[in-house]
> 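Below is one structure. I have some questions about it.
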Amino acid sequence: MKNEKESATRSDFIRDIIKEDIKKNKNDGRVITRFPPEPNGYLHIGHAKAICLNFGAAKEFGGHCNLRFDDSNPIKEKEEYVESIKKDIRWLGYNWGDRECFASDYFEQLYEWAVQLIKDGKAYIDDLSAEEIREYRGTLTAPGKESPYRNRSVKENFDLFERMKTGEFPDGARVLRAKIDMASPNINMRDPVMYRILHKPHHRQGDKWCIYPTYDFTHGQSDSKEGVTHSLCSIEFEDHRPLYDWFLEKLHVYHPQQIEFARLNLSYTVLSKRKLMQLVSGGDVSGWDDPRMPTLSGLRRSGYTPESIRAFCERIGVAKRDSVVDIALLEYCVREDLNKRAPRVMAVLHPLRVVIDNYPEDQVEDLDAINNPEDPDMGIRKVPFSRVLYIERDDFREEPPKKFYRLAPGREVRMRYAYFITCVDVVKDEKTGKVVELHCTYDPATRGGNAPDGRKVKSTLHWVSAAQAIEAEVRLYDRLFVKPNPLEGKEDFKTYLNPKSLETLTSCRVEPSLKGARQGNRYQFERLGYFCVDSIDSTDEKLVFNRTVSLRDQWAKIEKSMKAGNG
RNA sequence: UGGGGUGUAGGCAAGUGGAAAGCCAUCCGCCUUUGGAGCGGACAUUCGGAGGUUCGAAUCCUCCCACCCCAGCCA
């Protein structure tokens, strides 16, 4: 019932255009999109937006979405990245079937098209150096000037281009340029480079080529070859569109429609492969899949579900304006998903020993605990209770501030699914004064958590039985940066890295039902948050959990506001 | 001082001449054996600004302002 609204047709300006095109029977009503990553890095949540849009829209309108690797620059691209990209897209829940394409598969055709333009007098070989080309290009406000090589004969251009191809010239010696207009107000039209000499092996083509087409000469024609009807790309390519149009027109080939939309920005992180790469290579994170990274592999490892990421992408919408989405929305989306699906479990992160003085020395009771109150079908499990327990250090205050409902000397609280207990004594370290143990009494009549006399307690604590608990490592991940927009200050963005983005806790205690928890399993640690068994470091001998996201925390807010002003 | 874009609440985002959707965040209640979840409520007299057209303007026109992108042989 709740999911009915999911099927409600979502709408954005791009889907509106597609609907309109279908209505007008443009392209015979076909819808072909494509997701065109360059295999030079790992996919991040910003790519997820594009993936959901391209695959999502294609599916909604009965079309197809190609996965096409835009691999025209062998300097940056690697097989490792194409594999990770495929894995991430599949994980996100999308399939491209046999529609797996590579721009490099079109190199032969692209070469022929280049020759065609040369023969039509629409492209020429330029011997200017890179620096000279830049100088000749002019500036934003001043027109450029024509290269002295601009008017070579077709014959000479063709000859030179062939010799570029056969490897006669060193890198950078010459380029092939489109002959358009050096005075165009659109800089992209000032005789853009189409081919450059790069004596570099290509991850798929090997040593076959030593000249490579530029993105500008590759992208539009690749879309064209694939019969893409709606070529959705980000906004910075808007003023490249006239150039793509120019190539397509001069080549007399099918002309896809390009539509631009704004890329995603997320608060408290960065979304640029270049910046993310810097974090990886600088050792600021453990790798592309560090759970703090906004990469899909990082989000996956931290416990995010593909469903939650898709839901996020739906909620943020698609538009053209620059925007920064609050990361709280992403966090909301995982909580929403995991709340319904994640089994609940008790885990104590900062253990404080509690002895129940009046509980029989050797007794252990197996108490019923509900696996997920949101989903009765998930059943119940047994949790052992005994004389010595651990509770969360934060759940006890010797001098409780107002609004602190948890345990304190003389105070009675409920141990979840167990008994009411009352704190009767506090044991401290003589030297440091640190509380090391609590003594409590329990009320046998409250077994299961209810008092027959109707007596209420103000809070319920999670706990773990000392003897049966399993020791585990828990990694508390937090936002990567301390500033909503780390790129906004004058300093290098790394200045704003959150020094507390990872806190590793090595002696946590988790309930025994977690024995055998498998990598990737997700749980809610009651009252704490959602956690996921680390997919790399966790073993049967030593469980390692990553915090995906904390639970919403009313008390934390109260405490914070008390500290901020009212206290 | 070239060209291309974009301005609706703290953050996203609908709206396309006829009473400013929705979501997140925030706040307030209710409920609760998770201070979770859930439920209910509050949150833009006004749409970057100023004029104009119109019975009527966020929507149309004019001017102005702000922000983003482009001077890679990156994509």
Side-chain angles (χ1 to χ4, degrees), chain A residues 5 11-12 36-38 40 70-73 75-77 126 128-130 133-135 137-144 171-177 183-190 192-198 211-212 214-216 218-219 233-242 260 262 267 273-274 314-333 335-336 339-340 344 346 369-370 372-374 403-406 414-418 420 448-450 456-462 484 524-529 550-558:
Chain A
K5 65 177 182 224
S11 167
D12 53 62
E38 184 191 13
N40 69 341
D70 265 342
D71 54 353
S72 57
N73 182 1
I75 295 171
K76 295 184 172 179
E77 295 148 8
D126 197 347
L128 254 28
S129 68
I133 287 180
R134 191 190 325 122
E135 283 160 23
R137 187 151 32 225
T139 68
L140 295 178
T141 50
D171 286 7
R174 291 177 226 264
V175 291
L176 178 70
R177 291 230 254 169
S184 173
N186 180 348
I187 290 180
N188 297 300
M189 300 300 270
R190 319 240 262 230
V193 171
M194 295 162 59
Y195 266 90
R196 66 295 211 183
I197 302 171
L198 253 25
I211 57 171
Y212 291 93
T214 56
Y215 175 84
D216 278 340
T218 307
H219 193 82
C233 68
S234 47
I235 216 120
E236 66 268 28
F237 295 106
E238 200 149 16
D239 48 18
H240 289 238
R241 184 162 19 109
E260 305 84 9
S267 61
K273 278 194 252 183
R274 211 180 98 77
E314 274 175 33
R315 277 174 213 246
I316 57 176
V318 179
K320 292 192 77 160
R321 68 181 80 116
D322 267 350
S323 62
V324 181
V325 174
D326 192 341
I327 199 166
L329 178 60
L330 214 213
E331 294 169 346
Y332 171 87
C333 289
R335 289 194 191 105
E336 180 189 45
N339 174 50
K340 285 180 261 165
R344 265 110 261 221
M346 291 197 281
I370 294 165
N372 187 345
E374 301 295 317
K403 293 192 178 172
F404 181 90
Y405 302 148
R406 284 108 98 140
R414 171 169 39 233
M415 301 303 266
R416 175 141 240 224
Y417 300 125
F420 285 11
N450 284 304
K456 301 285 186 208
V457 287
K458 293 208 83 169
S459 84
T460 300
L461 308 187
H462 63 276
Q524 183 197 97
F525 287 0
E526 291 217 32
R527 304 207 307 134
L528 297 175
S550 64
L551 246 30
R552 284 184 68 220
D553 190 343
Q554 203 65 38
W555 167 242
K557 268 183 210 165
I558 293 167

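Letters go in sequence order (proteins before strands), and every chain restarts at 1. Note: hydrogens, waters and symmetry copies are ignored here, and every other heavy atom, side chains too, is used.
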> Checking the side chain of A:N188 only, and the main-chain atoms of A:D239 only, is there a donor and an acceptor separated by less than 3.5 Å?
yes
> When all nucleic acid strands are considered with a 4.0 Å heavy-atom cut-off, which category describes A:Q524: base, sugar-phosphate, or nothing?
base
> Mind checking the C1' distance from B:A9 to B:A21? Whole angstroms is fine.
14 Å
> Where the side chain of A:K403 is defined as all heavy atoms beyond and including C-beta, which of B:G35, B:A71, B:U6 is the nearest nucleotide?
B:G35
> Side-chain N or O of A:R552 less than 4.0 angstrom from OP1 or OP2 on B:A37?
yes
> Applying the Watson-Crick and G-U wobble criteria at under 3.5 Å, what pairs with B:U1? Answer none if nothing qualifies.
none
> What is the pairing partner of B:A57, taking Watson-Crick or G-U wobble pairs with both distances under 3.5 Å in any strand?
none
> How close or far is atom P of B:C69 from atom CD of A:E236, stated in whole angstroms?
10 Å
> Both distances under 3.5 Å, Watson-Crick or G-U wobble: report the partner of B:G35, or none.
none
> Between B:U8 and B:C67, how many Å separate the two P atoms, rounded to a whole number?
15 Å
> What contact category does A:L528 fall into here, base, sugar-phosphate, or nothing, at under 4.0 angstrom with non-hydrogen atoms?
nothing
> Could you give the distance separating B:C60 and B:C68 at their C1' atoms, to the nearest angstrom?
26 Å
> Check this for me: does the side-chain of A:E374 come within 3.5 Å of the base of B:G36 through a donor and an acceptor?
yes
> Scan every strand shown for a Watson-Crick or G-U wobble partner of B:G7, both distances under 3.5 Å, and answer none if you come up empty.
B:C65
> Measure the shortest side-chain to side-chain distance between A:L551 and A:E526 over non-hydrogen atoms and say whether it is less than 4.5 angstrom.
no
> In whole Å, measure the gap between the C1' atoms of B:G29 and B:C43 for me.
15 Å
> Take the protein atom CH2 of A:W555 and the nucleotide atom C1' of B:A37, then report the distance between them rounded to whole Å.
21 Å
> Taking the same atom, P, in B:C63 and in B:A25, what whole-Å distance lies between them?
43 Å
> Quick one: label A:R406 by what it contacts on the DNA or RNA (base, sugar-phosphate, nothing), any heavy atom closer than 4.0 Å.
base
> Taking the same atom, C1', in B:G7 and in B:G15, what whole-Å distance lies between them?
15 Å
> Taking pairing as Watson-Crick or G-U wobble with both contacts under 3.5 Å, can you name the mate of B:A44, or confirm there isn't one?
none
> Just name whichever nucleotide pairs with B:G22, Watson-Crick or G-U, keeping both distances under 3.5 Å, else none.
B:C12
> So what does A:E38 hit on the nucleic acid, given a heavy-atom distance under 4.0 Å: a base, only sugar-phosphate, or nothing?
sugar-phosphate
> Could you pick out which residue, A:Q554 or A:D239, lies toward the 5' side of RNA chain B when each is mapped onto its nearest nucleotide?
A:D239
> May I ask you to verify if any side-chain N or O of A:R527 is less than 4.0 angstrom from the OP1 or OP2 atom of B:G35?
yes
> State whether A:Y332 places a side-chain N or O below 4.0 Å from either non-bridging phosphate oxygen (OP1 or OP2) of B:C24.
yes
> Between A:R315 and B:G22, is there a contact of a side-chain N or O with OP1 or OP2 at under 4.0 Å?
no
> Is there side-chain contact between A:E374 and A:R344, with at least one heavy-atom pair below 4.5 Å?
yes
> The side chain of A:R321 is closest to which nucleotide in this list: B:C73, B:A13, B:U34?
B:A13
> What is the nucleic acid contact for A:V457, judged by heavy atoms within less than 4.0 Å: base, sugar-phosphate only, or nothing?
nothing
> In whole Å, what separates the P atom of B:G5 from that of B:G11?
25 Å
